[in-house]
Amino acid sequence: MILVTGATGKIGAEAVRLLARQGLPTKALVRDASRAPQDGSWRGVEIAVGDFDRPGTLDAALAGVDTLLLISPSVPAQEIAVIDSAVGQGVQHIVKITNHKATEDSPVDRRRGHARIEAHLKASGLAYTLLAPNVLLQNLFRVAPMIKQTHGFVMSAGDGQFGAIDSRDVSAAAAAVAADPNGHEAHTYLLTGPELVTYADVAAELTRALGQEIAYHRVTPHQHREAMIQAGLPEPVATSNAQAFGLIAEGDAAWLSDDIATLTGRSPRTLRTFVTDHVSAFA
Ligand SMILES: NC(=O)c1ccc[n+]([C@@H]2O[C@H](COP(=O)([O-])OP(=O)(O)OC[C@H]3O[C@@H](n4cnc5c(N)ncnc54)[C@H](OP(=O)(O)O)[C@@H]3O)[C@@H](O)[C@H]2O)c1
């Protein structure tokens with residue numbers, strides 16, 4: 001049995017769908033059962049209602065689980081509670097979504113959090129695999145309302161390149177490892193798209209797909225943080241995001257890897273494919 005947490009999120013929902021499609025025994029941890037897809041894509045999936053902040057619900061969800069696909073908003077106390085529950089319930093292997101630049105002394109709070117969680121996971125004695133995606137293209141949905149209203153978007157990543165990855169490819173890699181974790185123990189895989197891109201490239205692809213000029217407005221990380229807070233993001237998330245975008249401007253995300261093809265047998269999707277598939281979200 002495989003349990004996927006963060007199952008209603010960008011990576012988790014598609015990973016559950018892919019596991020269900022293979023007919024593998026799969027449970028999805030959700031806070032609210034009504035948020036599970038109603039389109040049949042999770043057919044055969046067991047829904048476990050639970051909350052990272054309520055340990056009793058985690059024990060119930062992890063009972064009988066062999067492999068855990070651990071996805072969360074990366075709050076250390078929450079993921080550590082899931083790992084402790086997994087140890088107690090006899091889980092054998094944890095596949096964790098993490099960050100490639102997760103270090104104890106990272107300037108980005110979220111990355112320090114991932115480093116703490118990774119240390120706890122490694123000390124737990126369970127078999128584990130780490131999957132570290134580069135910047136998700138699906139993050140662009142956050143600026144979709146701004147693009148619709150203003151035909152432009154703000155970003156504080158300057159002209160920094162990043163190995164933009166479609167979260168559907170992260171889901172495919174995660175599902176592949178969770179389906180058969182043998183041989184992936186103690187491995188870290190770096191998940192990227194096939195090309196380095198900038199937000200100017202993103203604006204150009206949106207312009208091409210929409211047939212209308214989409215502007216990329218370069219702002220400072222401080223201005224970006226304020227804009228994200230105004231758009232409703234919680235302050236700590238906006239702070240970490242702005243720090244991460246500032247680092248992209250400095251070249252921090254300019255890395256590529258072949259690990260998607262290694263894990264899934266398929267080339268990762270391009271920026272153009274993402275934009276083409278989702279053009280209606282920006283129109
Ligand atoms: N975005 C990027 O570019 C990027 C790059 C590298 C790594 N990552 C890592 O990817 C991970 C996030 O994955 P994602 O983008 O797929 O997540 P996401 O779309 O932000 O979704 C978060 C998921 O966590 C669930 N959740 C939140 N609080 C919960 C709680 N208290 N109890 C149970 N479930 C809870 C949410 O459920 P609800 O639907 O109920 O809210 C949702 O399913 C993070 O670890 C992040 O650091 C992201």
Kindly indicate, with the supporting measurements, whether the criterion side chain to side chain contact (heavy atoms under 4.5 Å, CB included) is fulfilled by Leu131 and Thr98.
CA-CA 6 Å; Leu131 302 179; Thr98 189; over 6 Å; no

Show your working on side chain to side chain contact (heavy atoms under 4.5 Å, CB included) between Ile47 and Val30 and close with a plain yes or no.
CA-CA 7 Å; Ile47 303 294; Val30 297; 3.5 Å; yes

So Leu130 and His187, side chain to side chain contact (heavy atoms under 4.5 Å, CB included) or not? Walk me through it.
CA-CA 6 Å; Leu130 300 177; His187 271 65; over 6 Å; no

Given Ile97 and Leu70, is the side chain to side chain contact (heavy atoms under 4.5 Å, CB included) satisfied, shown in steps?
CA-CA 6 Å; Ile97 300 294; Leu70 179 54; over 6 Å; no

Evaluate the ring-ring contact (aromatic ring centres under 6.0 Å, His included) criterion for residues Phe141 and Phe274: first the C-alpha distance (whole Å), next the side-chain angles of each, then the deciding distance (0.1 Å), finally the verdict.
CA-CA 11 Å; Phe141 292 139; Phe274 168 83; 5.6 Å; yes

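Taking each heavy atom of Val49 and Arg31 in turn, the nearest pair found is CG1-O, 3.6 Å. The nearest pair of heavy atoms linking Ser240 to Asp109 is OG-CB, 3.6 Å. Residues Ser41 and Ala20 approach most closely at O-CB, 4.0 Å, considering heavy atoms. Summarising the geometry of Val154 relative to His224, their closest heavy-atom pair is O-NE2, 4.0 Å, with the distance given to 0.1 Å. Nearest approach of Val87 to Ser124, heavy atoms of both residues: CG2-CB, 3.9 Å. Of all the heavy atoms in Asp201 and Leu196, the pair that sits closest is OD2-O, 4.4 Å.
Annotation: side-chain hydrogen bond (donor to acceptor under 3.5 Å, both in side chains) contacts involving residues 4-16, sequence neighbours excluded, comprise Glu14-Arg17. Sorted by first and then second residue, the ring-ring contact (aromatic ring centres under 6.0 Å, His included) pairs with a member in residues 33-82 form an empty list; sequence neighbours excluded. Within the structure, side-chain hydrogen bond (donor to acceptor under 3.5 Å, both in side chains) pairs that include any residue of residues 61-76 comprise Ser72-Glu79 (at least two apart or interchain). Under the side-chain hydrogen bond (donor to acceptor under 3.5 Å, both in side chains) criterion, the residue pairs touching residues 244-256 are Lys101-Asp252, Arg111-Asp252, with sequence neighbours excluded.
Other residues, nucleotides and ligands place no more than 12 heavy atoms under 6.0 Å from the CG atom of Asp258. Other residues, nucleotides and ligands place more than 12 heavy atoms under 6.0 Å from the NE2 atom of His120.
Of the possible donor and acceptor atoms, one in the side chain of Ser171 sits under 3.5 Å from a partner among the backbone N and O of Ile11. Formation of a donor-acceptor pair under 3.5 Å by the Ser167 side chain with backbone atoms of Val170 is not found in this model. Looking at Lys27, its side chain does come within 3.5 Å of a backbone N or O of Ala61 through a donor-acceptor pair. Using a distance-only test at 3.5 Å, with no hydrogens or angles considered, no donor-acceptor pair links the side chain of Glu118 to the main chain of Arg116. A donor-acceptor pair under 3.5 Å links the side-chain atoms of Thr57 to the main chain of Asp51, judged by distance alone. A side-chain donor-acceptor contact under 3.5 Å links Thr207 to the backbone of Ile214. Judged by distance alone, with hydrogens and angles left aside, the side-chain atoms of Gln243 form a donor-acceptor pair with the main-chain N or O of Pro107 at under 3.5 Å. At least one donor-acceptor pair under 3.5 Å links the side chain of Asn134 to the backbone N or O of Ala253.
With sequence neighbours excluded, the residues that form a ring pair (Phe, Tyr, Trp, His ring centres under 6.0 Å) with Phe153 are Tyr216. For Thr270, the side chain to side chain donor-acceptor pair (under 3.5 Å) criterion is met by Thr273, not counting sequence neighbours.
Side-chain heavy atoms closer than 4.5 Å link hydrophobic residues (I, L, V, M, F, W, Y) into clusters, and following such links, possibly through other members, connects Met155 to Leu210. Under a hydrophobic-cluster definition in which Ile, Leu, Val, Met, Phe, Trp and Tyr are linked whenever side-chain heavy atoms come within less than 4.5 Å, directly or via other members, Ile94 and Val4 are assigned to different clusters. Hydrophobic clustering (side-chain heavy atoms under 4.5 Å, transitive across Ile, Leu, Val, Met, Phe, Trp, Tyr) groups Val275 together with Met146. Following chains of ILVMFWY side-chain contacts shorter than 4.5 Å, one can reach Val279 starting from Leu206, so the two form part of one hydrophobic cluster. Connection of Ile71 to Leu137 is not established within any shared hydrophobic cluster, with ILVMFWY side chains joined at heavy-atom distances below 4.5 Å, either directly or through further cluster members.
Using a 4.5 Å cut-off on side-chain heavy atoms (C-beta onward), Gln212 and His151 make contact. Contact annotation: the side chain of Leu62 approaches that of Val82 to within less than 4.5 Å [non-hydrogen atoms, C-beta and beyond]. Two residues are said to be in side-chain contact when any heavy atoms from C-beta on lie closer than 4.5 Å; Pro268 and Pro194 meet this criterion. A heavy-atom distance below 4.5 Å is not found between the side chains of Val95 and Leu68. By the 4.5 Å heavy-atom criterion applied to side chains, Leu263 and Leu191 are counted as neighbours. Between Val45 and Leu19, the closest side-chain pair of non-hydrogen atoms is not below 4.5 Å. Between Glu46 and Met1, the closest side-chain pair of non-hydrogen atoms falls below 4.5 Å. In this structure, the side chains of Leu271 and Glu195 come closer than 4.5 Å at one or more pairs of heavy atoms.
We find the CZ-CD distance between Arg208 and Glu213 to be 14.0 Å, quoted to the nearest 0.5 Å. Atom-to-atom distance recorded for Leu136:CG and Asp166:CG is 8.5 Å, nearest 0.5 angstrom. The distance from atom CG of Leu126 to atom CD of Glu185, rounded to the nearest 0.5 Å, is 12.0 Å. Once rounded to the nearest 0.5 Å, the distance linking CZ of Arg21 with OG1 of Thr26 reads 12.5 Å. Leu58 contributes atom CG, which lies 10.0 Å from atom CG of Asp84 (distance to the nearest 0.5 angstrom). The distance from atom CZ of Phe162 to atom OG1 of Thr192, rounded to the nearest 0.5 Å, is 12.0 Å.
A salt bridge does not link Arg35 with Asp32: every distance from a Lys NZ or Arg NE/NH1/NH2 to an Asp or Glu carboxylate oxygen is 4.0 Å or more. Ion pair Asp169/Arg266 not flagged as a salt bridge, since none of the NZ, NE, NH1 or NH2 atoms sits closer than 4.0 Å to an Asp/Glu carboxylate oxygen.
For the 3.5 Å distance criterion, the side chains of Ser106 and Arg112 fail to qualify, holding no donor opposite an acceptor. Remark: the Arg225 side chain and the Asn241 side chain contain no N/O donor-acceptor pair separated by less than 3.5 Å.
When each of Arg269, Arg272, Arg168 is checked for a side-chain hydrogen bond (donor to acceptor under 3.5 Å, both in side chains) with Asp277, only Arg168 meets the rule.
Ring centroids of Tyr189 and His184 are separated by less than 6.0 Å, placing the two rings close together. Taking the six-membered ring for Trp and the full ring otherwise, His278 and Phe282 have centroids separated by 6.0 Å or more.
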